[in-house]
Amino acid sequence: EQTVNNDNLVVCEMTESDAERLRKKDDGIIVEKDIEIFASSKAVNKHRRVRTEKEWNMKAIHAEKTNQKDTGENIKIAVIDSGVDDYNDIVLAAELYSAKVFDKENCSTISRVIDAIYWAIEQKVNIINMSFGTVQDSPALHRAIQDAEKSGILLIAAAGNGELVEYPAAYK
């Protein structure tokens, strides 16, 4: 597996004593296990998809009533997920950035998600959409979310499919 090593994140193997030594330092470093997370939705079979006159999601936000001025600037949206399909009939007035972090089993690690968040920050996106969650809090993920917010990015996250609101949606 590829090891991530950049200004915001390092993924490596270490002994528990080395990890504990790093945790005790008061230098802002977060040391945690790289847990697995799962996408919050089931795969859609694009060949069996029933098409409607208007897409349900566009109808739900009353997109047809939008009276927006064209400023000449596109909204940049990063989708952190299992990749963006090109079969959708929705016409976008936004630039779409796809960060594919999930494998064919809809599984990823926190480090891949964090790396994708920082990539989206570097791309200067306006919105990050995250369709995944975990019941386990991750201080490193929380820091990445806070850094994105400080950069002026609107963050949208799936709450989860159960009664408990999952992270990152559970963050303030």
Side-chain angles (χ1 to χ4, degrees), residues 1-11 28-30 32-44 46 55-58 60-63 66 68 70-162 164-172:
E1 185 175 347
Q2 183 178 0
T3 299
V4 178
N5 186 358
N6 60 39
D7 291 341
N8 301 301
L9 177 69
V10 174
V11 178
I29 293 177
I30 297 172
E32 65 184 54
K33 186 177 179 181
D34 195 10
I35 61 172
E36 285 187 333
I37 59 173
F38 298 90
S40 295
S41 63
K42 294 180 181 178
V44 174
K46 62 183 173 184
E55 294 289 340
W56 71 267
N57 51 354
M58 297 303 277
I61 63 168
H62 305 287
T66 303
Q68 227 177 344
D70 185 3
T71 63
E73 292 185 31
N74 287 342
I75 295 172
K76 297 164 85 173
I77 302 172
V79 178
I80 300 175
D81 206 327
S82 57
V84 176
D85 289 324
D86 61 359
Y87 69 88
N88 206 328
D89 289 338
I90 297 172
V91 177
L92 296 173
E95 293 180 38
L96 200 56
Y97 293 74
S98 177
K100 184 176 180 177
V101 297
F102 291 97
D103 61 19
K104 63 183 176 184
E105 310 294 321
N106 276 337
C107 181
S108 184
T109 59
I110 288 287
S111 62
R112 279 190 268 176
V113 170
I114 293 168
D115 195 37
I117 291 170
Y118 283 111
W119 170 81
I121 293 170
E122 289 170 9
Q123 304 308 308
K124 299 185 184 326
V125 301
N126 304 98
I127 300 170
I128 296 176
N129 183 75
M130 300 170 284
S131 299
F132 56 84
T134 177
V135 295
Q136 189 171 344
D137 184 15
S138 164
L141 176 61
H142 193 189
R143 181 181 289 168
I145 295 291
Q146 290 171 324
D147 288 345
E149 183 182 30
K150 287 176 191 170
S151 297
I153 298 172
L154 173 64
L155 296 130
I156 300 170
N161 293 327
L164 183 67
V165 176
E166 296 179 353
Y167 297 100
Y171 296 128
K172 186 176 179 181

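In this text the structure is predicted, and so the values were computed from the model without any measurement.
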Heavy-atom side-chain contact between [X] and [Y] under 4.5 Å:
{"X": "Val135", "Y": "Leu164", "answer": "yes"}
{"X": "Pro168", "Y": "Leu155", "answer": "no"}
{"X": "Ile127", "Y": "Ile153", "answer": "no"}
{"X": "Asp81", "Y": "Lys100", "answer": "no"}
{"X": "Asp103", "Y": "Ser108", "answer": "no"}
{"X": "Tyr167", "Y": "Ile145", "answer": "no"}
{"X": "Ile77", "Y": "Val125", "answer": "no"}
{"X": "Leu154", "Y": "Asn126", "answer": "no"}

What's the separation between atom [atom1] in [X] and atom [atom2] in [Y], rounded to the nearest 0.5 Å?
{"X": "Ile117", "Y": "Glu149", "atom1": "CD1", "atom2": "CD", "value": "12.0 Å"}
{"X": "Ile110", "Y": "Ile35", "atom1": "CD1", "atom2": "CD1", "value": "4.0 Å"}
{"X": "Lys104", "Y": "Ser82", "atom1": "NZ", "atom2": "OG", "value": "13.5 Å"}
{"X": "Ile128", "Y": "Trp119", "atom1": "CD1", "atom2": "CH2", "value": "9.5 Å"}
{"X": "Glu166", "Y": "Met130", "atom1": "CD", "atom2": "CE", "value": "12.5 Å"}
{"X": "Thr109", "Y": "Ile114", "atom1": "OG1", "atom2": "CD1", "value": "8.5 Å"}

Above 12 or not: heavy atoms from other molecules or residues under 6.0 Å from CD of Gln146?
yes
Would Ile37 and Cys107 count as a side chain to side chain contact (heavy atoms under 4.5 Å, CB included) if you check the C-alpha gap in whole Å, the side-chain angles of each, and the deciding distance to 0.1 Å?
CA-CA 6 Å; Ile37 59 173; Cys107 181; over 6 Å; no
Is the closest side-chain donor-acceptor distance between Glu32 and Ser138 under 3.5 Å?
yes
How are the rings of His142 and Tyr171 set to each other: parallel, tilted or perpendicular (split at 30° and 60°)?
parallel
Kindly determine whether Arg143 and Ile30 satisfy side chain to side chain contact (heavy atoms under 4.5 Å, CB included), including the steps that lead there.
CA-CA 9 Å; Arg143 181 181 289 168; Ile30 297 172; 3.6 Å; yes
For Ala169 versus Ala159, what's the shortest heavy-atom pair and its separation?
CB-CA, 3.8 Å
When every non-hydrogen atom of Tyr97 is compared with those of Lys76, the smallest separation belongs to OH-CE, 2.9 Å
Under 3.5 Å donor-acceptor, Asn74 side chain and Glu95 backbone
no
Could you walk me through whether Ile80 and Asn129 pass side chain to side chain contact (heavy atoms under 4.5 Å, CB included), step by step?
CA-CA 6 Å; Ile80 300 175; Asn129 183 75; over 6 Å; no
